[in-house]
A.B. asks: 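This is the structure I have questions about; it appears just below.
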Amino acid sequence: MRLPRLGGAGEATRQTYFDAHRAFERFIDAHGSRVSSAPLCDADTATTVHPGDGERAVTDGPFAELTEQIGGYYDVDLPDLDTAIAAAKLLPRQYTVEIRPTVKIDGYQSG
């Protein structure tokens, strides 16, 4: 399995990214907790299951053609949106970060 690209970044740039992630993780640990996280492989390694009439279709590659792809995720528990925004600002400036709350559904327990 291929690791995610850092755009051909040199060692100094890679270290800057890693340092930003560590700063983010320290902030989360100080203000809440980390549930899970992981970098994702490039979108061209994806397998997509599509809705369909009857049988669902399975294709290689991403479903949508996007200029931005999800490169990884953090599942964190923080007290409020302002704290989440402050944490997101610690990640590399080149990142677009989407913050979403989770949904609790009565009668459903994951895991």
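Note that these values count all heavy atoms, side chains included, but never hydrogens, waters or copies made by symmetry. Bear in mind that the values here come from a model prediction, so they are computed numbers and not experimental data.
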A.B. asks: Going by the rule side chain to side chain donor-acceptor pair (under 3.5 Å), which residues pair with Asp53 if we only count those two or more places apart in sequence or in a different chain?
C.D. replies: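 Listed in chain order: nothing, the list is empty.
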A.B. asks: By side chain to side chain donor-acceptor pair (under 3.5 Å), which residues pair with Glu11, not counting sequence neighbours?
C.D. replies: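 Side chain to side chain donor-acceptor pair (under 3.5 Å) list for Glu11, sorted by chain: empty.
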A.B. asks: With a 4.5 Å cut-off on side-chain heavy-atom distances among I, L, V, M, F, W and Y, is there a chain of contacts connecting Tyr95 to Ile28?
C.D. replies: yes
A.B. asks: Could you list the donor-acceptor pairs under 3.5 angstrom formed by side chains in residues 70-78, with sequence neighbours left out?
C.D. replies:
{"residue": "Tyr74", "atom": "OH", "partner": "His21", "partner atom": "ND1", "Å": "2.9"}
{"residue": "Tyr74", "atom": "OH", "partner": "Glu25", "partner atom": "OE2", "Å": "3.0"}

A.B. asks: Does either side chain, that of Asp19 or that of Thr16, offer a donor lying less than 3.5 Å from an acceptor on the other one?
C.D. replies: no
A.B. asks: Could you pull out all residues at least two apart from Ser37 that satisfy side chain to side chain donor-acceptor pair (under 3.5 Å)?
C.D. replies: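 Once residues adjacent in sequence are excluded, Ser37 has no partner under the side chain to side chain donor-acceptor pair (under 3.5 Å) criterion.
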A.B. asks: Quick one: list whatever passes side chain to side chain contact (heavy atoms under 4.5 Å, CB included) with Ile99, sequence neighbours left out.
C.D. replies: Leu81, Ala84, Ile85, Ala88, Val97
A.B. asks: Can you name the residues that form a side chain to side chain donor-acceptor pair (under 3.5 Å) with Arg34, not counting sequence neighbours?
C.D. replies: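 Scan of Arg34 (side chain to side chain donor-acceptor pair (under 3.5 Å), adjacent residues dropped) gives Asp29.
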A.B. asks: Could you pull out the closest heavy-atom pair between Phe24 and Ala87, with the gap in Å?
C.D. replies: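 That would be CD1-O, 3.0 Å.
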